[in-house]
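I have placed the structure first, in the form of structure tokens, so that the comments after it can refer back to it.
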Amino acid sequence: MSQVRVRFAPSPTGFFHIGSARTALFNWLYARHTGGVFVLRIEDTDKERNSEQFLQVIYDSLSWLGLNWDEGPGVGGAYGPYRQSERADIYREYLAKLKATGRTYEKDGAVWFRLIGDRTEVFDEHRKKTVTKVKAAPTVIQDLIRGRVERVEDEDFVIFRSDGNPVFHFVNVVDDIAMGITHVIRGEDHLSNTSKHVELFKAFGVPVPHFAHIPLILKQQGAGKMSKRDQGALIEEYQRRGYLPEALVNFLCLLGWNPGGDLEKLPLAEIIRLFDLPGVNQSNARFDDKKLAHMNMVYLLALAPDEFVARARAYFERHHPAAPALQAAPEVFQAVMLLAQPKIKGLEELPAYTAYLFTEDYPVDAKVKEKVMGKGDPKTRLTELIASLPGFDFTSDAAIEEGIKALAAKGSLGFGDYQAVARLAVSGTNAGPSITSLFRLLGRDRVRQRLERCLAG
RNA sequence: GCCCUCAUCGUCUAUCGGUUAGGACAGGAGAUUCUCAAUCUUCAAAGCGGGGUUCGAUUCCCCGUGGGGGCACCA
């Protein structure tokens with residue numbers, strides 16, 4: 001059997017949509033699963049929406065997700081060029097081939113593709129105009145996911161515009177032929193285009209590729225498919241928020257596909273091994289950001305300490321270059337980040353979550369302050385803590401815990417009676433890592449200063 | 001309006017005619033704990049409706065209904 005060749009063919013619109021990402025992913029997975037070739041082709045025939053900057057969004061997003069292409073812009077290949085804007089000669093050549101078959105005609109300055117069948121003029125109520133209907137035989141689409149789909153294509157269609165440029169249907173099919181594409185894996189929204197494409201393949205006298213129309217991703221709330229404007233629709237948002245690409249990939253592959261059994265988090269190599277087209281679902285999937293967030297947390301938790309610290313640093317450098325965290329000594333940065341690792345759901349929480357460990361200029365939650373300072377006798381607790389601080393052993397969490405417990409025991413109190421107010425004083429909030437860890441990392445002097453400041457304020 | 005397509009907990013899904021319909025996220029309760037998370041235990045939660053086929057249908061077929069997509073000299 002010949003080698004599988006699949007392609008991902010986005011048009012540079014300046015956005016990289018989560019649905020596009022999944023289409024790319026499924027293509028990539030199928031190529032990797034079968035030992036085939038993943039081609040990146042840029043469909044930039046729409047000249048008004050064409051810019052280098054927009055292309056970069058595609059390259060960046062695919063690279064970030066780890067979806068490397070075997071042929072395409074930047075890497076080359078034997079079937080190039082891979083940008084449609086550079087393939088005009090090829091399209092003219094194929095147009096000549098098609099003209100030679102007698103399946104084309106010109107009308108209104110455009111080139112049309114002629115279907116086979118009897119023609120009648122009909123007034124289309126919906127479009128409010130007279131159109132030529134063709135009584136053609138149904139086109140059969142053999143879809144690897146949906147099975148046999150029949151559709152009647154009943155109107156000739158334009159393949160070259162009157163301005164001399166080819167249209168999507170034509171370039172899409174020509175490129176798939178010229179690039180030796182064996183499997184067309186794309187969104188279900190293309191299913192009704194496919195009958196046009198099949199007719200073109202047949203007219204060119206070439207074998208029709210296998211088709212696999214994957215279900216769409218529906219917006220989280222409201223009706224319809226996910227669109228650019230929806231929350232969570234853009235890949236760049238996940239980059240910005242410090243999501244782990246491997247988590248997003250894992251989440252995405254579970255939207256419309258499953259590895260069987262109860263497996264959910266699984267390594268990429270395993271996904272590649274198990275992925276296959278017949279296993280893809282037929283029904284659309286609604287996007288669920290909660291589940292994505294959970295998947296991200298699971299991946300974050302599983303990261304080796306060094307790896308987590310490296311990712312955290314990269315995240316700060318990329319998105320918060322001015323953060324005090326980056327001024328800290330590497331070992332301090334590392335210690336703080338590892339304290340945060342088991343507590344956060346995403347890297348984006350890191351700056352706020354760790355700020356008070358790197359600077360004296362951190363926010364104090366007014367509500368928390370009111371609550372903590374209004375309960376029991378916090379000022380006395382603070383005074384006691386400050387007084388006993390010199391006797392504390394700051395070398396380990398256990399020693400600090402011992403110190404606080406000893407203090408509490410003297411007044412028949414518990415650890416908890418000191419914890420809340422100490423936390424407020426030291427961090428300005430009521431949530432965070434163990435208070436003993438905070439003490440240890442801040443050191444005796446800074447803890448004392450903060451306790452005193454709280455007592456005074 | 002026409003064409004195509006899909007249909008299991010709120011959501012993502014498992015089940016390839018016979019199951020107490022399973023798992024995960026989210027939600028509820030509890031445990032643990034110095035807070036917050038995490039973790040563990042636990043509860044609630046589904047086969048769209050109507051006809052068939054069959055000894056037996058969530059599963060196969062048909063019709064409805066509902067969802068989604070498409071119907072350009074956009075891609």
Side-chain angles (χ1 to χ4, degrees), chain A residues 9-13 43-46 48-49 84 107-112 124-127 131 138 141 143 145-147 149-155 157-169 171-172 187-196 213 215-218 220 223-225 251 254-265 281-295 297-298 300-301 340-345 349 353 368 372 397 400-401 404-405 408 414-424 427 429-438:
Chain A
S11 60
T13 59
E43 306 220 333
D44 55 352
T45 52
D46 187 349
E48 286 175 23
R49 294 192 278 169
Q84 290 183 333
K107 191 176 89 180
D108 303 331
V111 182
W112 293 67
D124 187 313
E125 288 290 344
H126 190 58
R127 282 184 286 170
V131 295
I141 301 161
D143 193 281
I145 294 169
R146 280 147 215 288
V149 177
E150 259 189 32
R151 217 184 97 83
V152 178
E153 203 57 55
D154 64 354
E155 277 180 42
F157 53 92
V158 169
I159 52 176
F160 261 72
R161 287 189 275 263
S162 50
D163 67 3
N165 288 309
V167 305
F168 163 72
H169 302 300
V171 295
N172 194 268
E188 199 221 52
D189 50 344
H190 283 286
L191 191 51
S192 24
N193 289 327
T194 301
S195 43
K196 285 188 181 69
H213 287 94
L216 302 181
I217 299 177
L218 269 28
Q220 184 150 249
K225 62 174 173 173
F251 169 80
L254 257 21
L255 237 43
W257 175 80
N258 76 84
D262 294 336
L263 293 169
E264 290 216 324
K265 178 181 188 277
N281 290 135
Q282 302 179 325
S283 50
N284 295 337
R286 196 167 292 277
F287 179 75
D288 181 359
D289 63 354
K290 291 254 179 57
K291 184 142 186 173
L292 206 203
H294 177 261
M295 185 65 82
M297 183 200 71
V298 170
L300 233 28
L301 245 34
Q341 182 180 10
K343 304 287 217 168
I344 58 164
K345 279 187 138 91
E349 294 177 32
Y353 195 82
V368 172
V372 171
D397 279 18
I400 294 168
E401 184 172 344
I404 297 177
K405 279 189 173 162
F415 188 99
D417 292 302
Y418 294 89
Q419 184 275 140
V421 68
R423 181 179 300 282
L424 171 70
S427 73
T429 180
N430 64 343
S434 161
I435 188 68
T436 56
S437 299
L438 299 185

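Order of the sequence lines fixes the chain letters, A, B, ..., with proteins taken first and strands second; residue numbering starts at 1 for each chain.
Residue contacts for A:Asp417: at a heavy-atom cut-off of 4.0 Å it reaches no nucleic acid atom on any strand shown. Using a 4.0 Å heavy-atom cutoff across all strands shown, A:Ala223 reaches sugar-phosphate atoms only and no base atom. Using a 4.0 Å heavy-atom cutoff across all strands shown, A:Glu150 reaches sugar-phosphate atoms only and no base atom. Across all strands shown, A:Gly256 has heavy atoms under 4.0 Å from sugar-phosphate atoms exclusively, and none from any base. Residue contacts for A:Gly187: at a heavy-atom cut-off of 4.0 Å it reaches no nucleic acid atom on any strand shown. Heavy atoms of A:His190 sit under 4.0 angstrom from at least one base atom.
Between the A:Asp44 side chain and the A:Gln84 main chain, a donor and an acceptor come within less than 3.5 Å of each other. Listed for the A:Asp143 side chain is a donor-acceptor partner under 3.5 Å among the backbone atoms of A:His213. Distance alone, capped at 3.5 Å, places no donor-acceptor pair between the A:Glu155 side chain and the A:Val131 backbone. Counting only distance, with no hydrogens or angles, the side chain of A:Arg423 and the backbone of A:Pro433 share a donor-acceptor pair below 3.5 Å.
Side-chain proximity of A:Ser162 to B:U5, B:A75, B:C73: nearest is B:C73. Distance from the side chain of A:Arg286 is smallest to B:C12 among B:A75, B:C6, B:C12. Of all nucleotides listed (B:A14, B:U5, B:G69), B:A14 comes nearest to the side chain of A:Asn281. When distances are taken from the side chain of A:Ser192 to each of B:A38, B:U5, B:G69, the shortest belongs to B:G69.
For B:C48, the paired base is B:G64 (Watson-Crick or G-U wobble, both distances below 3.5 Å). Under the Watson-Crick or G-U wobble criterion, with both distances below 3.5 Å, B:U53 is left unpaired in every strand shown. Base pairing analysis places B:C9 opposite nothing; no Watson-Crick or G-U wobble pair with both distances below 3.5 Å involves it. Figure legend. B:A38 is base-paired to no nucleotide; pairs are counted as Watson-Crick or G-U wobble with both atom distances under 3.5 Å. B:U33: no Watson-Crick or G-U partner with both key distances under 3.5 Å is found in any strand.
Computed from coordinates, the A:Leu218 CG to B:G68 P distance equals 7 Å when rounded to whole Å. Here B:C71 presents its P atom at 14 Å from CG of A:Asp154, a figure rounded to the nearest Å. In this structure, A:Leu300 atom CG and B:U39 atom P are separated by 13 Å, rounded to whole Å. A:Leu255 has its CG atom 13 Å from the C1' atom of B:A24, to the nearest Å.
Remark: the separation of the C1' atoms in B:A37 and B:G49 is 45 Å, to the nearest Å. A distance of about 24 Å separates the C1' atoms of B:G64 and B:C71, rounded to the whole Å.
A:Phe157 carries A:Lys196 over the face of its six-membered ring, with the cationic atom under 6.0 Å from the centre and within 45° of the normal.
Side chains of A:Phe415 and A:Ile435 form a contact here, defined as non-hydrogen atoms less than 4.5 Å apart. Looking at A:Lys225 and A:Ile217, their side chains never come closer than 4.5 Å, going by heavy atoms from C-beta outward.
Inspection of the A:Thr429 and A:Ser427 side chains reveals no N or O donor paired with an N or O acceptor under 3.5 Å.
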Q.
So if I define the base as every atom that isn't primed, P, OP1 or OP2, how would nucleotides 26-37 of chain B read as a B/S/- string at a heavy-atom cutoff under 4.0 Å?
A. S-------BBBB
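Interface remark: the A:Glu264 side chain does form a donor-acceptor pair with the B:G23 base, using a distance-only criterion of under 3.5 Å. No donor-acceptor contact under 3.5 Å links the side chain of A:Asn172 to the base of B:A75.
Residues A:Lys291 and A:Glu264 are paired through a salt bridge, judged by an N-O separation under 4.0 Å between the basic side chain and the carboxylate.
Comparing A:Leu216 and A:Val158 by the nucleotide of RNA chain B whose heavy atom lies nearest to each, the residue mapping closer to the 5' end is A:Leu216. Comparing A:Asn284 and A:Pro10 by the nucleotide of RNA chain B whose heavy atom lies nearest to each, the residue mapping closer to the 5' end is A:Asn284.
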